[in-house]
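One structure is given here, and the rest of the page talks about it.
None of the values given here were measured: they were computed from a predicted structure. Below, all heavy atoms of this structure are taken into account, side chains as well, without hydrogens, waters or symmetry copies. Heads up: numbering here begins at 1 and tracks the sequence.
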Amino acid sequence: MSQHRRRGAAKQRKQGKQRQVLVVALAVALVVIAAGVSLGLWAASGGDGGTTGPEARPSQGRSAAAPQGTSPEDGPSPSRSYALSKAPQTIPAVREHSAARGPGWRPASGDRVVVDDPALADEGRLIAGELGLTYEGEKDDRRAGDVRLTLDGGNKANPESYVMTVRDGRVEISGPADAGVFYGTRTLKQEVHDGGTAPEGVVRDEPAKPQRGFMLDIARKNYTADWIEDRIRELGDLKFNQLGLHFSDDQGFRIESDSHPEIVSQQHLTKAQVRKIVDLAESRHITVVPEIDSPGHLGAVLEAHPDLQLRTAQGSAVQGAIDISKSESAEIVDDLLNEYADLFPGGLWHLGADEYQALVRSDPEASFPQLAAAAREKYGSGATVADLTTGWLDDRAATVRKHQRVPRAWNDGFFKDTSVDAAKDIQVAYWTGKEIGARPPVVYLSAGRKVINYNDEYLYYVLGEPQTFVYPTGQRIYEQWTPRVLRDTQAVPERYDGQILGGVFAVWGDVPNAQTQDQVAAGIRMPLRATVQKLWDPGRPELSWAEFRALAGRLG
């Protein structure tokens, strides 16, 4: 073969190898391109290669994304096109949030609220109306944009707990009871407030304390029914679950009465108005706790029944105090307790029992010989006025107990060194350490009693700031107070935490015209938010006070 022909053959072999390399390179490129398209489709469909039809469509920017840590069986894998979600900012703050990748959820026209149990119909209708969605009741199908409310049947779980999952362009809120599901809807409402987005992922949340209350003195200052209803809506959105109504005192008796109409003040709530208040509260999972204070603070009742007013040995009338040596005194108070049991169907009843003026005297037995005689007759020769007063509390507790109510009383209604003991089921509403013979909270706790925190150092909003009271600030509550701070500024030992059922922020009307009701609403706005934050989670908040206040401003 000539040299020329050998060179030609070599050239052809070289060109053939080049063509083979080119073919292989093109094949590899096609595989890479195909893989890229496949990955893009996988991400757009949520990663499971599923349908791209209406069921899986992104809605207003939604796409499927699963919370971190979920298994393939739990749903699609997260899209890589979204940053990891951040925990929602709400008041109170949620206890736990598992982040995920995805666009989150926000309400859009045509989205539905559906339930898996008719017991959740009220919660479903409420959140649907608030977010402008359509309530469609019980449905088994699942659509993009859905908010689904479910009961999970967890009998051992906290009934106020809930789990909220934002995934696949949908929201599911589940809980062992309707109360927990309701609180989940409050979280969702705050998340999407003013155009916000519920972040992708899973919220697991529950309160630290079972009693989270607001108490209002409507006896000394008259508040309109509309104003009270506005506070109920505010309390519900903040996850409070109690509204106390102190409606009997020296200055007024503020609810219509059929058994004793003569005691009712000119300005008062009708029973129809109270029923509406109670119904609205129930729809927000708030229990209304009534208080008819006795044997002190009964001036409005005694104005119509002066024969029952307590008098000293010299015949001087004692302001607000009823004579507990007279059987008629017990009869009229029990008449009222029995009458209002039907009006207030909740499980709690506040009996007052504070500041009975017979016991502020240096020698009650000498000052009130009729009380001393009644004590000896009922409890024996060594019995005291304090024994008789404790017996009065026990008798009133027995009255409300017949209506399946749990009684509570102010801490200065419990006395030491008495032969008569207050019933063990009477909860202690601890408000002060300033009374005569004051005892620290540990005395009640070590005796095994249940205590509710009304600490007047932080939680008392007293109109006119009489005596040493000053209007409490949200910042002070937020930065210093916890449910264990029952008296002054010191916390009780942690071992007693389980006996502290919660706390109540209280508004008192000592100088009723010091503020209008609108000024009261503005004044208590941040203290209420700080109080519920510490009742929901007593730990150190993640947000600074400035950040918390700004968040409250954004949420309205």
Side-chain angles (χ1 to χ4, degrees), residues 59-62 65 67 85-100 102-117 119-137 139 142-152 160-207 233-241 283-286 529 532-533 536-537 551-552 554-556:
S59 176
Q60 285 72 42
R62 304 183 184 105
S85 64
K86 295 182 180 180
Q89 289 202 329
T90 60
I91 299 176
V94 301
R95 305 291 294 275
E96 179 184 340
H97 176 255
S98 298
W105 180 93
R106 64 175 61 183
S109 177
D111 287 351
R112 310 182 302 174
V113 175
V114 296
V115 301
D116 76 344
D117 192 301
L120 297 174
D122 289 343
E123 288 74 21
R125 290 190 181 95
L126 179 61
I127 190 65
E130 290 170 330
L131 301 187
L133 308 181
T134 301
Y135 177 69
E136 293 199 3
K139 297 290 182 182
R142 296 178 182 273
R143 299 180 187 173
D146 276 356
V147 175
R148 178 172 291 275
L149 310 182
T150 70
L151 293 176
D152 63 16
E160 293 188 307
S161 66
Y162 68 92
V163 176
M164 181 169 70
T165 303
V166 179
R167 183 172 62 191
D168 297 347
R170 295 187 288 267
V171 178
E172 181 169 320
I173 301 171
S174 64
D178 54 354
V181 174
F182 171 74
Y183 295 134
T185 67
R186 300 306 87 191
T187 296
L188 181 64
K189 180 182 177 182
Q190 288 194 29
E191 287 175 334
V192 302
H193 174 77
D194 198 25
T197 298
E200 203 87 8
V202 180
V203 168
R204 291 178 177 86
D205 202 14
E206 64 179 335
R233 295 182 185 95
E234 179 181 13
L235 295 171
D237 283 351
L238 293 171
K239 301 175 184 153
F240 281 91
N241 64 0
S283 76
R284 265 65 175 178
H285 294 271
I286 295 171
R529 283 152 177 77
V532 80
Q533 172 60 46
W536 196 267
D537 184 354
L551 174 61
R554 291 198 303 272
L555 294 176

Can you check whether F240 and W536 have ring centres sitting under 6.0 Å from each other? no
Between R95 (side chain) and E206 (backbone), is there a donor-acceptor pair under 3.5 Å? yes
Nearest 0.5 Å, please: how far is CD1 in I127 from CG in L120? 13.0 Å
Classify the ring geometry between F182 and H285 as parallel (under 30°), tilted (30 to 60°) or perpendicular (over 60°). tilted
Contacts of type side chain to side chain contact (heavy atoms under 4.5 Å, CB included), residue D122, not counting sequence neighbours: R125
How long is the span from the NE2 atom in H97 to the CD atom in Q89, to the nearest 0.5 Å? 12.0 Å
Could you check whether any side-chain N or O of W105 sits under 3.5 Å from a backbone N or O of G145, counting only pairs where one atom can act as donor and the other as acceptor? yes
Roughly how far, to the nearest 0.5 Å, is CG of L149 from CG of D116? 8.5 Å
Reported CG-to-CZ distance for the pair L238 and R233, which is rounded to 0.5 angstrom: 14.0 Å
Run the side chain to side chain donor-acceptor pair (under 3.5 Å) test on T185 and Y162 for me, step by step, so that the C-alpha distance in whole Å, both residues' side-chain angles and the decisive distance to 0.1 Å come before the verdict. CA-CA 10 Å; T185 67; Y162 68 92; over 6 Å; no
Check: A119 main-chain N/O paired with D117 side-chain donor or acceptor under 3.5 Å: yes
Output, in order, the C-alpha distance, side-chain angles, deciding distance and verdict of side chain to side chain contact (heavy atoms under 4.5 Å, CB included) for V192 and L131. CA-CA 9 Å; V192 302; L131 301 187; 3.7 Å; yes
I'd like to know if E172 and R142 make a salt bridge, using a cut-off of under 4.0 Å between side-chain N and carboxylate O. yes
Roughly how far apart are E191 CD and T90 OG1, rounded to 0.5 Å? 7.0 Å
Distance from S98 atom OG to R204 atom CZ, nearest 0.5 Å? 5.0 Å
From the options R148, R106, M164, select the one residue that forms a side-chain contact (heavy atoms from CB on, under 4.5 Å) with V171. M164
